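Model, not experiment: these values are computed from the prediction.
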Amino acid sequence: MRLFYWSIFLLLLLFPSIDATDKESTIIKISASDNNIQTNTVEVYASLRNINGQPVSNQPLIFYVNNQIFASNITNDNGDSSIQFQALEEVYEIQVRFDGSESYKESESEIIIIQKIDENNNVEQNIPNELLVVISLLTLGIAGSGILYYLTKISKREL
């Protein structure tokens, strides 16, 4: 009887689980459209591919905005999916995740950063002037702080 258990043990060691090795690897590529200036609408595109670059269709992708689940969409026949949202905050961190399936391994995209833009195609920064002066004083010294303060005043007059 002991011989039987040892032979089962040896078989398990010699032949690893087939389930873990027959899944295809996947990759997610993401991109974002430019902000629509009037509505600050941003569209994020995700493309799920296997390791050979072939599209992976009918699979759920989870879109994260600022580390929170925003939406889950199914990939189309081209392996693509997208979301739209209105950019009300200054900065957004976007990531897409695929949790895998019976045929495909899980994967996640790189993180992309989206910044809100204003009517002049400038990235909006609502940093108080007092904070800028303190930061510049700590990093640039008194002379650098004066220059930064002067440049900030000039740029605000031009708007």
Side-chain angles (χ1 to χ4, degrees), residues 1-129 131-132 134-136 139 152 155-156 158-159:
M1 190 69 156
R2 283 183 132 165
L3 182 60
F4 175 74
Y5 289 122
W6 278 107
S7 58
I8 296 284
F9 179 71
L10 278 174
L11 282 174
L12 290 175
L13 283 177
L14 294 174
F15 298 102
S17 173
I18 294 173
D19 192 28
T21 58
D22 70 347
K23 289 185 175 186
E24 275 190 81
S25 294
T26 57
I27 187 169
I28 301 172
K29 293 184 180 181
I30 61 174
S31 62
S33 68
D34 290 335
N35 295 2
N36 180 322
I37 295 172
Q38 286 77 25
T39 62
N40 268 319
T41 302
V42 177
E43 189 159 9
V44 177
Y45 306 95
S47 182
L48 181 63
R49 302 279 188 253
N50 68 13
I51 200 71
N52 298 322
Q54 299 298 316
V56 178
S57 61
N58 299 319
Q59 299 298 320
L61 296 181
I62 303 168
F63 290 79
Y64 290 85
V65 177
N66 293 338
N67 295 317
Q68 294 188 359
I69 294 176
F70 180 80
S72 177
N73 286 341
I74 304 295
T75 56
N76 63 17
D77 291 340
N78 297 323
D80 299 331
S81 185
S82 66
I83 60 167
Q84 283 187 347
F85 65 93
Q86 190 174 20
L88 300 175
E89 302 292 325
E90 301 301 319
V91 178
Y92 290 90
E93 182 180 284
I94 310 293
Q95 187 171 29
V96 180
R97 181 169 174 77
F98 172 55
D99 286 334
S101 67
E102 290 181 14
S103 303
Y104 299 100
K105 293 181 181 178
E106 67 181 31
S107 60
E108 60 185 45
S109 71
E110 295 180 350
I111 295 173
I112 60 172
I113 304 296
I114 297 173
Q115 293 182 317
K116 184 177 176 182
I117 58 173
D118 64 15
E119 298 84 27
N120 299 321
N121 279 342
N122 297 320
V123 175
E124 287 188 11
Q125 291 184 353
N126 293 328
I127 301 173
N129 283 340
L131 181 60
L132 284 175
V134 169
I135 291 171
S136 62
T139 57
T152 305
S155 67
K156 291 208 181 228
E158 291 176 0
L159 294 176

If you compare all heavy atoms of Pro55 against all heavy atoms of Gly79, which two are closest, and at what distance to 0.1 Å?
CB-N, 3.7 Å
Taking atom [atom1] of [X] and atom [atom2] of [Y], what is their separation to the nearest 0.5 Å?
| X | Y | atom1 | atom2 | result |
| --- | --- | --- | --- | --- |
| Gln68 | Glu93 | CD | CD | 11.5 Å |
| Asp80 | Asn73 | CG | CG | 11.5 Å |
| Ile28 | Ser47 | CD1 | OG | 9.5 Å |
| Leu48 | Asn58 | CG | CG | 11.0 Å |
| Phe70 | Ile94 | CZ | CD1 | 8.0 Å |
| Glu43 | Ser31 | CD | OG | 9.0 Å |

In the structure I gave you, are the side-chain heavy atoms of [X] and [Y] within less than 4.5 Å of one another anywhere?
| X | Y | result |
| --- | --- | --- |
| Gln59 | Phe98 | yes |
| Ile27 | Ser107 | no |
| Tyr92 | Asn66 | yes |
| Glu110 | Gln95 | no |
| Tyr45 | Ser81 | no |
| Tyr104 | Ser25 | no |

Could you tell me whether the side chain of [X] and the main chain of [Y] form a donor-acceptor pair under 3.5 Å?
| X | Y | result |
| --- | --- | --- |
| Thr26 | Lys105 | yes |
| Asn76 | Asn78 | yes |
| Lys23 | Ser101 | yes |
| Thr75 | Val56 | yes |

Check step by step if side-chain contact (heavy atoms from CB on, under 4.5 Å) holds for Ile62 and Val96.
CA-CA 6 Å; Ile62 303 168; Val96 180; over 6 Å; no
Should we say atom CG of Asp77 is surrounded by more than 12 heavy atoms from elsewhere, each under 6.0 Å from it?
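At most 12 heavy atoms, drawn from other residues, nucleotides or ligands, come within 6.0 Å of this atom.
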